[in-house]
**Q** 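Take this structure, written in structure tokens, and hold onto it; I'll ask about it next.
From a predicted model like this one, the values you see are computed outputs, not experimental measurements. Each chain gets a letter, A, B and so on, in the order the sequences are listed, and its residues count up from 1.
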There are 2 protein chains.
Amino acid sequence: MAIKNKTRYAILGVLSLMSGSGYDIKKFCDKTIAHFWNENFGHIYPVLAQLEEEGLISKAASSKDERRKEYSITAKGREEFCKWMMEPIEFQPARSELLLKVSFGSNIPKERVIEMIKLVKQRYESRLEEYRAMEESFLKNKKESEKPESVYWIAPLRYGIIATEAAIKWCEETISRLNG
Amino acid sequence: MAIKNKTRYAILGVLSLMSGSGYDIKKFCDKTIAHFWNENFGHIYPVLAQLEEEGLISKAASSKDERRKEYSITAKGREEFCKWMMEPIEFQPARSELLLKVSFGSNIPKERVIEMIKLVKQRYESRLEEYRAMEESFLKNKKESEKPESVYWIAPLRYGIIATEAAIKWCEETISRLNG
DNA sequence: ACAAACTATATCAGACTGATATATAATTTA
DNA sequence: TAAATTATATATCAGTCTGATATAGTTTGT
């Protein structure tokens with residue numbers, strides 16, 4: 001097999017915290033892990049069917065809504081998920097359009113490269129503001145932030161903040177290097 | 001169309017600097033842009049055929065080696081490449097296995113999470129050393145580093161250094177948060 | 001002389017993306 | 001109240017990217 005299916009584990013991870021439909025899983029992802037993990041319906045539904053077939057999750061029809069299928073993680077699914085959690089993190093190949101464009105920058109006027117980086121910097125800055133607002137509201141909510149498991153939610157957010165700050169620093173450095 | 005083919009532009013970018021075979025393009029990528037752009041044969045060869053059909057690159061058979069096909073960028077190809085270079089950078093969906101595992105960390109013993117991050121930190125540290133060695137050897141080579149276009153090569157490398165330093169900082173912060 | 005490493009192209013299953021289609025329920029607004 | 005909009009819910013598809021593998025000739029080192 002070429003690539004390991006990571007969506008499997010994202011879904012099992014979400015279902016380790018709550019039961020719900022494919023739609024609920026997508027909503028949970030968008031609300032909580034979107035800034036470092038992207039999930040889409042095109043992959044969620046086929047993987048849910050596959051996980052059910054393997055007995056890692058179970059399906060129950062909702063009484064209220066005919067359509068709605070509520071998925072829950074099984075003991076076997078929890079086992080499989082924890083097994084994956086213990087495995088070392090795999091190397092992830094990088095693909096940065098920004099750095100690709102910068103490295104071929106000599107093909108276009110220098111001013112356009114500077115413009116491009118300024119635009120990127122703006123995007124990073126508004127993202128940083130979002131992250132900081134999320135951090136602040138999390139720390140304010142003492143009931144949540146004083147739970148022992150809160151560290152697992154604050155750490156990814158801190159990554160976002162630290163990495164975005166670094167990216168902004170790089171933008172500034174690069175703009176001044178291009179100007180100077 | 002769902003996703004834009006980025007390999008197209010990576011190949012056109014490489015061919016904007018030099019002519020060569022598919023193998024040469026892969027070699028160039030591995031040597032110079034590998035730390036932020038991954039390319040593989042499985043995509044290079046079909047895209048080369050497609051680019052040739054569109055008249056963006058031209059193929060010439062080598063006199064020495066029957067097999068070898070040498071590709072060069074055409075004027076039309078250069079135009080298409082520059083057009084892409086001028087376009088704003090597209091949003092790239094993130095998928096960080098590290099942060100996914102951290103956020104579901106409550107499923108396994110805390111010590112295992114710390115272990116995991118320590119391993120990741122080691123990897124970042126050795127990567128940082130590589131980047132710093134690359135930077136040093138580039139700055140030593142005055143003939144190269146004093147060229148006006150050198151900024152386009154040093155900037156992506158600087159990104160690698162700054163981003164990796166930030167990642168290490170996050171590892172340290174997170175390990176102490178988990179311990180404390 | 002032989003093994004190992006390098007050059008070169010090609011193919012494939014499987015993973016992932018983003019767009020789109022469909023249809024009902026709930027909520028808002030004119 | 002009716003119309004419009006938004007939310008819920010599932011499904012499909014073309015196109016893109018990955019990593020492994022196959023094949024085969026050339027060069028280099030011992």
**Q** Hey, can you pull the residues of residues 15-34 of chain A with a non-hydrogen atom under 4.0 angstrom from DNA chain C?
**A**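 Residues of residues 15-34 of chain A that come under 4.0 Å of DNA chain C do not exist, since none gets that close.
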**Q** For A:Arg95 and C:dA15, what is the distance between atoms CZ and P respectively, to the nearest whole Å?
**A**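 Those two atoms, CZ and P, are 19 Å apart.
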**Q** Are B:Arg132 and B:Glu135 ion-paired here, with the side-chain N under 4.0 Å from a carboxylate O?
**A** no
**Q** Considering only NZ, NE, NH1 and NH2 on the basic side and carboxylate oxygens on the acidic side, decide whether B:Lys4 and B:Glu87 come within less than 4.0 Å.
**A**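 A salt bridge links B:Lys4 with B:Glu87.
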**Q** Can you confirm whether B:Arg158 sits close enough to A:Arg177 that some side-chain heavy atom of one is under 4.5 Å from a side-chain heavy atom of the other?
**A**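 In short, these two side chains touch, coming nearer than 4.5 Å.
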**Q** If you pin A:Lys6 and B:His43 to their nearest nucleotides in DNA chain C, which one's is more 5'?
**A** B:His43
**Q** Decide, yes or no, whether a salt bridge links A:Glu173 with A:Lys169 under the criterion of side-chain N to carboxylate O below 4.0 Å.
**A** no
**Q** Check whether any side-chain nitrogen or oxygen of A:Asn5 sits under 4.0 Å from OP1 or OP2 of C:dG14, and answer yes or no.
**A**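 Result: no.
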**Q** Answer yes if the side chains of B:Arg95 and A:Thr7 hold a donor-acceptor pair under 3.5 Å, and no otherwise.
**A**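 Short answer, yes.
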**Q** Strictly below 4.0 Å: does B:Arg68 bring a side-chain N or O up to OP1 or OP2 of C:dT9?
**A**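 False: B:Arg68 side-chain N/O out of range (4.0 Å or more) of C:dT9 OP1/OP2.
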**Q** Can you find a side chain N or O atom of B:Arg8 that sits less than 4.0 Å from OP1 or OP2 on D:dT16?
**A**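 Negative; the distance criterion is not met.
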**Q** Is the NZ or CZ atom of B:Lys101 positioned over A:Trp84's six-membered ring, under 6.0 angstrom from the centre and within 45° of the axis?
**A** yes
**Q** Would you indicate which nucleotide in C:dA10, D:dT10, D:dC17 comes nearest to any side-chain atom of A:Lys69?
**A**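 From the listed options, D:dT10 comes nearest.
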**Q** So, A:Glu172 and A:Lys121, do they make that salt bridge, N to O below 4.0 Å?
**A**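 Answer for the salt bridge query: yes.
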**Q** Rounded off to whole Å, could you give me the CD-to-P distance for the B:Glu39 and C:dA8 pair?
**A** 18 Å
**Q** Picking from D:dG19, C:dA10, D:dC17, which would you name as closest to the side chain of A:Pro93?
**A** D:dG19
**Q** Rounded off to whole Å, could you give me the CD-to-P distance for the A:Glu70 and D:dT8 pair?
**A** 14 Å
**Q** Rounded to whole angstroms, how far apart are CD on B:Gln92 and P on C:dC16?
**A** 17 Å
**Q** Does any part of the side chain of B:Cys29, heavy atoms only, come nearer than 4.5 Å to the side chain of B:Val14, both counted from C-beta?
**A**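 Answer yes - side chains close enough.
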**Q** Does D:dA11 have its OP1 or OP2 closer than 4.0 Å to a side-chain nitrogen or oxygen of A:Tyr45?
**A**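 For A:Tyr45, the contact criterion (side-chain N or O under 4.0 Å from OP1 or OP2 of D:dA11) is not met.
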**Q** Please state whether the phosphate of C:dC16, meaning OP1 or OP2, lies under 4.0 angstrom from any side-chain nitrogen or oxygen of A:Thr7.
**A**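 It does, given that an N or O in the side chain of A:Thr7 lies less than 4.0 Å from OP1 or OP2 of C:dC16.
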**Q** In whole Å, I'd like the distance from the OH atom of A:Tyr9 to the C1' atom of C:dC16.
**A**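 Atom-to-atom, A:Tyr9 to C:dC16, this comes out as 16 Å.
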**Q** Whole Å only: how far is the CD atom of A:Glu90 from the P atom of D:dT18?
**A**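 Taking atom P of D:dT18 as the reference, CD of A:Glu90 is at 14 Å.
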**Q** Rounded to whole Å, how long is the line connecting atom NZ of A:Lys4 with atom C1' of C:dC16?
**A**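 To the nearest whole Å, that distance equals 17 Å.
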**Q** When the axes are fitted on five pairs at both termini, how much does the helix from C:dA1-D:dT30 to C:dA30-D:dT1 curve, in 10° steps?
**A** 30°
**Q** Is there a side-chain contact between A:Met116 and B:Pro88 (heavy atoms, below 4.5 Å)?
**A** no
**Q** Would you say B:Asn40 reaches D:dG19's phosphate, i.e. side-chain N/O to OP1/OP2 under 4.0 Å?
**A** no
**Q** According to a strict under-4.0 Å criterion, is A:Asn38 in side-chain N/O contact with OP1 or OP2 of C:dT17?
**A** yes
**Q** Can you confirm whether B:Asp30 sits close enough to B:Glu39 that some side-chain heavy atom of one is under 4.5 Å from a side-chain heavy atom of the other?
**A**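 No. Closest side-chain heavy atoms not under 4.5 Å.
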**Q** Round to the nearest Å and state the distance from B:Glu52 atom CD to C:dA10 atom P.
**A**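 After rounding, the reported distance stands at 11 Å.
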